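This report concerns only the one structure given below.
For the numbers below, each heavy atom of this structure counts, side chains included, while hydrogens, waters and symmetry mates do not. What you are looking at is a predicted structure, and each value in this text was computed from that prediction instead of being measured. In listed order, ligands and their atoms are each counted from 1.
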Amino acid sequence: VRATPARSRLRALAAAVALVGGLGAAVVGSVLLPAGGGWAPERRGPDGVREVGLRAYTWGFAPRVVQVRPGERVRFIVLSEDIEHGFAINELGLNLALRSGKASRSPAVEVNLPEGRYAIHCSAFCGLGHASMKATLVVGDPPPAPGRRAPWMASLASLALAVGVAGFLWGRKGTGA
Ligand SMILES: [Cu+2]
């Protein structure tokens, strides 16, 4: 069966849409979704305060999820791996300036916050992805966030991508292009 030019154009369009959708989902999945989480291995400073280490980079933080206990005293030590960034948690009154290649230590803070999720964000403009440079502070063990559907969306988009590419290849075969 020979595909008409109109049909193969339609297939190419479908493939392009699926490709863009799939790539978009992959980006959203890798950038926005907290990877893992849970309790980090605990390290304490000489004063007995728990020290939480993070790395900042263009554009994100690792780990993306930091879990602490309500009422716990912690200190954040944040290393910028590339350029200048900021490390801010509004609810804790924290805002650190991060120098390129240097580790910044926050003062010891008491996490007097209700159980829940709080935004960690970059507070120094660092380019295109600045607004998406975020991590999550989880206090205690709150119920799962409603955003858990996102991995499903990413899977569906990947499936669409696979189907689109298959359709595109099939179309090429049909027209002999
Ligand atoms: Cu930034």
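No other N/O/S atom of His130 lies as close to the Cu ion (ligand 1) as ND1 does.
Under 4.0 Å is where a charged nitrogen must lie from a carboxylate oxygen, and between Arg50 and Glu72 at least one such pair does.
The distance from the Cu ion (ligand 1) to the nearest N/O/S atom of Gly127 is not under 2.8 Å. The distance from the Cu ion (ligand 1) to the nearest N/O/S atom of His85 is not under 2.8 Å.
At least one side-chain heavy atom of Leu92 sits less than 4.5 Å from a side-chain heavy atom of Phe76. Taking the side chain as every heavy atom from C-beta outward, Val111 and Val74 approach each other to under 4.5 Å.
Between the O atom of Ala124 and the SG atom of Cys122, the angle centred on the Cu ion (ligand 1) amounts to 80° when rounded to 10°.
Taking all atoms of both residues into account, the shortest heavy-atom contact from Trp59 to Cys126 is NE1-O, 2.9 Å.
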